[in-house]
**Student:** 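This is the structure, below, for whatever I ask next.
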Amino acid sequence: MKKLFALLLFCHVAFGVKHSLKYFLTATSGVPNFPEFAAAVVLDEAQVGYCDSIRTAEPKQDWVRKFIKDNPQHLEWHINQCSGNQQFFRANIDGLMERLNQTGGAHILQRMNGCEWDDETGDIRGFNQYGYDGEDFIALDLQTLTWIAPKPQAFITKLRWDTEKARLQFNKNFYIHECPKSLKMYVHYRKSFLQRTDLPSVSLLQKTASSPVTCHATGFYPDRADLSWTKDGEELHEDVDKGEILPNHDGSFQMSVDLNISSIAPEDWKRYRCVFQLSGVKDDIRTKLDKAAIRTNRGFPAGAVIGGVVVLLLLALCIAGLFIWRKKYNGTQQHKNSCPAFTFKADIYKNISSKL
Ligand SMILES: *[C@@H]1O[C@H](CO)[C@@H](O)[C@H](O)[C@H]1NC(C)=O
Ligand SMILES: *[C@@H]1O[C@H](CO)[C@@H](O)[C@H](O)[C@H]1NC(C)=O
């Protein structure tokens, strides 16, 4: 088990100034308890999106969720790519099995494609390679714009694909322009997302007239924040019940702090403030304890919803991926242990027929 965790840790290691965007697609046949198709997008060795034959495309990190919120058409595009690729991969694994006289058993077809960008030198490298049953099947050589087939079984594919000039040009453009463009955009977006500060909305809530008054701040980022009650500007510790900082599903945070008002005389209310402070932000948000400002009839906001993570499935995919691509990466790949999850962008081939 320890080994599994070690492998998972490797999946998140980021390397220097070299950024990468990779799409991993996998189709399986005859593998029980495994989706027939799965795809993942991996940015700098961390999975940012996933879909499979059961689940539609979904973002995997907070900054991606925010990106999707700001660019809803982006998710839609990935959902389409996911289903389009699924058909392409299903058809191809069936076709390949037939061609190789494989009537049964477990088979797996994978593609890893994407690009790398060195943000210091500006160097760009694209790659697009297929594996079948754990071995290299065919790979695109972007220099010569031809396909390389290390195995005789793939030679027929190479011959066919080498004649598809429009698709080769399409590929070239994708790996030299489109992919690096997306990669840079993601890297910049993620950076600005992680460096931002968002102030919350603060509200006062109370269940009944005798309940404590809850000061609730939600939507702040990052989670280095404090929420407190003050009286005449001094922080109160008695009659105060401070909650923990909790994540919201959009990547922001929330927190609340209760003030027991049972011993506060009505004329003293104006001396109390709820104060929100965010690390790195000079101005506090001060909210006066004021009956008129308290929301009473709506109850409390729902607790933080933390998106469920299907750890086991991903673990299985990651391990399977490592196993299958291990050979390929040995010696040739810099990031030997990068987690080969499975991609969802990218069917760059969707409009161009390309039977394996
Ligand atoms: C598949 O089977 C056919 C007929 O038995 C044979 O002619 C062909 O060479 C086989 N192909 C492979 C890849 O084994
Ligand atoms: C509020 O304070 C009063 C008196 O100090 C105490 O009796 C009561 O239990 C407290 N309420 C809560 C919810 O802590």
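In listed order, ligands and their atoms are each counted from 1.
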**Student:** Under 4.0 angstrom from atom 9 (O) of ligand 2, is there any protein heavy atom?
**Tutor:**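 Under the 4.0 Å cut-off, atom 9 (O) of ligand 2 has no protein heavy-atom neighbours at all.
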**Student:** Think Lys291 forms a cation-pi with Trp269, using NZ or CZ under 6.0 Å from the six-ring centre and within 45 degrees of its axis?
**Tutor:** yes
**Student:** Can you find an N/O atom of Asn260 closer than 3.5 Å to an N/O atom of ligand 2?
**Tutor:** yes
**Student:** Hey, can you tell me if Tyr132 and Phe137 have their rings parallel, tilted or perpendicular (30° and 60° cut-offs)?
**Tutor:** perpendicular
**Student:** Is the closest side-chain donor-acceptor distance between Tyr186 and Asp44 under 3.5 Å?
**Tutor:**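 Their side chains do not contain a donor-acceptor pair, so the 3.5 Å distance test is not met.
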**Student:** Quick one: does Ser263 get a heavy atom under 4.0 Å from ligand 2?
**Tutor:** no
**Student:** Going by the atom numbers of ligand 2, which of them fall below 4.0 Å from some non-hydrogen atom of Ser262?
**Tutor:**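 Reading through ligand 2 atom by atom, the close ones are 1 (C), 2 (O), 3 (C), 4 (C).
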**Student:** Find out whether the Lys NZ or Arg CZ of Arg196 is both under 6.0 angstrom from the six-membered ring centre of Tyr221 and within 45° of the ring's axis.
**Tutor:** yes
**Student:** Looking at Trp229, does the NZ or CZ of Arg273 lie under 6.0 angstrom from its six-membered ring centre and within 45 degrees of the ring axis?
**Tutor:**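 No.
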**Student:** Starting from atom 13 (C) of ligand 2, which protein heavy atom do you reach first, and at what distance in Å?
**Tutor:**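 Checked against all protein heavy atoms, atom 13 (C) of ligand 2 sits closest to Pro212 CG, 3.9 Å.
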